[in-house]
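Pasting a structure here, questions to come.
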Amino acid sequence: MSNSTSFKTTKKNKRFLGVRFASCNCYGRLYSNDEGTAYVGRCPKCFTPFTVRIGSGGTDSRMFIANCG
Ligand SMILES: [Zn+2]
């Protein structure tokens with residue numbers, strides 16, 4: 001896992017990505033971090049952290065399926 005991605009999401013009006021946490025069978029959101037480099041967040045049930053890079057090499061999709069747990 002990369003240590004270079006900030007998990008800070010303190011800005012207002014953050015963009016977010018809807019996520020389905022498949023293993024826990026629940027939904028949540030990943031919010032863009034303060035640097036705007038990635039969507040970051042955790043599964044609300046098992047607290048597995050997820051990072052989805054924004055832009056080149058990242059995702060353009062609006063819905064992300066995460067396998068956690
Ligand atoms: Zn989970």
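In each ligand, atom 1 is the first atom listed, and ligand 1 is the first ligand listed.
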Below 4.5 Å, heavy atoms only, C-beta onward: do Asn25 and Arg20 meet side chain to side chain?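 Asn25 vs Arg20: side chains touch.
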Applying the ring-ring contact (aromatic ring centres under 6.0 Å, His included) test to Phe21, which of Tyr27, Phe50, Phe47 qualifies?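 Exactly one option meets the ring-ring contact (aromatic ring centres under 6.0 Å, His included) with Phe21, and it is Phe50.
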Taking all heavy atoms of Ser32 and all of Ile54, pick out the closest pair and write down the distance.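 Where Ser32 meets Ile54 most closely, the heavy atoms are CB-CD1, 4.1 Å.
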If waters are left out, how many protein N/O/S atoms lie within less than 2.8 Å of the Zn ion (ligand 1)?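 Near the Zn ion (ligand 1), the number of protein N, O or S atoms below 2.8 Å is 4.
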Nearest 0.5 Å please: distance from the CG atom of Asn33 over to the OG1 atom of Thr51.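 With rounding to 0.5 Å, CG (Asn33) is 8.5 Å from OG1 (Thr51).
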Are any non-hydrogen side-chain atoms of Arg29 and Tyr39 less than 4.5 angstrom apart?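 No, their side chains stay 4.5 Å or more apart.
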Working to the nearest 0.5 Å, report the span between CG of Leu17 and CG of Leu30.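 One finds 5.5 Å between CG of Leu17 and CG of Leu30.
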